[in-house]
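So you know, we letter chains A, B, ... as the sequences are listed, proteins then strands, and number each from 1. Small disclaimer: the values here were computed from a predicted structure and weren't measured. Hydrogens, waters and symmetry mates are skipped; everything else that's a heavy atom, side chains included, is used.
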Amino acid sequence: MLLAMAWRNLQRHGRRTFITAAAMGISVAFVMAMLAYVDGMYRKMADVMINQTTGQLQVAHPDFATQRTMYDTVPDAAARLKTVAALPGVRGASARLYGFALLGGAEQTAGAQLVGVLPEQELELVPMRDRMVSGAWLAPDQTDQIVLGEGLAETLEVAVGDQVVAVTQAADGSLGNALYQVVGVLTSGSVTLDRTGAWLRLKDLQTLLVLPDQAHEITLLSDSLDSRAGDPIVSALVKTVRAALPTDEKHPLSVRPWWVVSPATASMLATSDASAWLILVILFLVAGLGILNTMLMSVFERTKELGVMKALGTRPAKIVQLVLWESLLLSGLACLGGLVLGGVLDWMLVNWGLALTTSSGDRLSTGGVLFDPRIFGVVRADRIVVTVLTLLCVAVVAALWPAFRAARLRPVVAMRDE
Amino acid sequence: MNATPIVTVKDLTRDYQQGTITVRALRGVDLDIATGEFTALMGPSGSGKTTLLNMIGGLDEPTSGTVIIDGQDLNSLDRGQRSDLRLHRIGFVFQSYNLIPVLSAVENAEFVLMLRGLPAAERRARAVETLAAVGLAGMENRRPSELSGGQQQRVAVARAIASKPALVLADEPTANLDSKSGHELIATMAKLNEELGLTFVFATHDPKVMNAARRVVWMEDGKVQRDERK
């Protein structure tokens, strides 16, 4: 009966109930949409900054991350790559070799960061084909091909079909040089790499640098879609890879998760998550004040009625229960409406995305990493559950004061209220 | 008539503070009410009859003196225990009906039974039966706003007696009713008193209630002036 009373009490002031529930429902919908958007952005950031850059875990010489010298390599790279790629839980694996060279086109020269990759395996980590501005990605069976970052191609004043010459100091001290044909121009997702990056086959770069069968890093992706530092799946895979790749003093190797390789990325992603929760807290604080106001008004208006109920022998706990039921029903109603509206917004975000551009129409960059302008929402059931439960908790907490106020009424005083 | 007192009031006083002025609403009231009595507390406004009724019902606390209901001294009970006493031993009928507007007639009648924890089917059956006893058969599902004043007060009586309390306290139950409705209500309560042996105590200045009462306690200035039995 208390539940029925609570429901009917809400109906007594239908307009007020509707307005409060609508405000709360809109809060729920916006929180849902915002979390989906932030999670989409978060996943995109993670994809660009982790999967496509460092990988979820890296096998490298222990000093390479800090020193980045040419000689800190992973020897027997092909065999080691084959070993780790076959491990359970590895979704993608590739080897990379880095070097610096002076690139020359017909008219211009520029310093470039060369990235030696396995063309097919690299595609498992980075959607290079989607990033091509012109031309095509490296063919695995063609030698002496090169793909340039958009900015670098502009600097060198070369286009697809042109040739560039690379001059560098090789690992053996000799002067390495080679002629490559530009087969593609891409935008990498990194501001720096767009200006200086040049991709060629791993074997071609190994030849140029005289680093046969060596790589600077073997980059792995796990099955995990989580991008939080300390992700247990990645941590477990780190142990598996360590066990599979014996190391010795002569050939030291480190196997590190992305958050160790790039703590700055971990910190940036954690900040994004925290800001989403901060907005959630602010929105629900506002919703809580709405509930508090509605329930206080409701209790004030029914002082006499509550006094009569107490006079008839209603225990304070029952009065508290009644007010809390009203608040819970009100927020339950708001949640239902919010879930419907939020579901529509989420659907739009997931299917249509939302373009993130600056006022000048440029793409946004964070930490030197460019993002595709359109962010697609990612809907997580746990986020929705937390959102709904948070609102219900807020509803209970906000109604406690009115509830206890109602429960403390002295019947003889309350019944005099008109 | 059983002579066991269900209500014993001893030297009861109640002072109210209004600013710097102390108003003495009750000035040493002594009163015994036996089980099954049909008693009217009569007197002009401000004579203390409603205050006395509130004290007997445990709704208000005395400045001094004792109220014993069914052997329990109210001074020894905390608020929760007084609430339980009201729930289990006392039924109330108020001047302005004071029904719960969101509940139907039958739901109002079964409200106290719900508080007592009776199973839904049992309390519904008893509430329907009680409404019939006060002449409201067929009006079970009407909301208070769909009932006349007399009908609402009958629902209030049904609510008060549905749980078969030891004592029914009624504060000016006919004050807001027309003469015919007032007569009918008094007749209904008198019948319940006779048939079920329920003890009724009224605070009233309605002559109709006085005429129906078998005992009239006259109050003035917070004191009992006369105690007449018919």
Considering all heavy atoms, the nearest [X]-[Y] contact:
X	Y	result
K304(A)	S96(B)	NZ-OG, 3.4 Å
D346(A)	A36(A)	OD1-CB, 3.4 Å
N351(A)	F376(A)	O-CE2, 3.7 Å

Counting only non-hydrogen atoms closer than 4.5 Å, can you tell me which residues of residues 316-339 of chain A sit against chain B?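 Under the 4.5 Å heavy-atom cut-off, K318(A) qualify.
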
Non-hydrogen contacts under 4.5 angstrom with chain B: give the residues of residues 8-27 of chain A involved, or none if there are none.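 Heavy-atom contacts from residues 8-27 of chain A to chain B are R8(A), N9(A), R12(A).
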
Toward chain A: residues of residues 97-132 of chain B with heavy atoms under 4.5 Å: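 Expected list: N98(B), I100(B), P101(B), V102(B), L103(B), S104(B), E107(B), E110(B), F111(B), V112(B), M114(B), L115(B), R123(B).
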
[X] (side chain) donor-acceptor with [Y] (main chain) under 3.5 angstrom:
X	Y	result
R27(B)	D221(B)	yes
E140(B)	G138(B)	yes
T294(A)	G290(A)	yes
K49(B)	P44(B)	yes
Q152(B)	P144(B)	yes
Q81(B)	D78(B)	yes
T13(B)	T63(B)	no

Contacting moiety of R82(B), where chain A heavy atoms sit under 4.5 Å: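 Looking at R82(B), nothing touches chain A.
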
Side-chain donor-acceptor pairs of residues 397-414 of chain A under 3.5 Å, sequence neighbours excluded:
residue: R410(A); atom: NH2; partner: D60(B); partner atom: OD1; Å: 3.3

Between K10(B) and D30(B), does any NZ, NE, NH1 or NH2 come within less than 4.0 Å of an OD or OE carboxylate oxygen?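 Between K10(B) and D30(B) there is no salt bridge, as every charged N stays at least 4.0 Å from the carboxylate O atoms.
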
Atom pair OG1 (T387(A)) and CG (L35(A)), whose distance is rounded to the nearest 0.5 Å: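 Taking OG1 in T387(A) and CG in L35(A), the distance rounds to 5.0 Å.
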
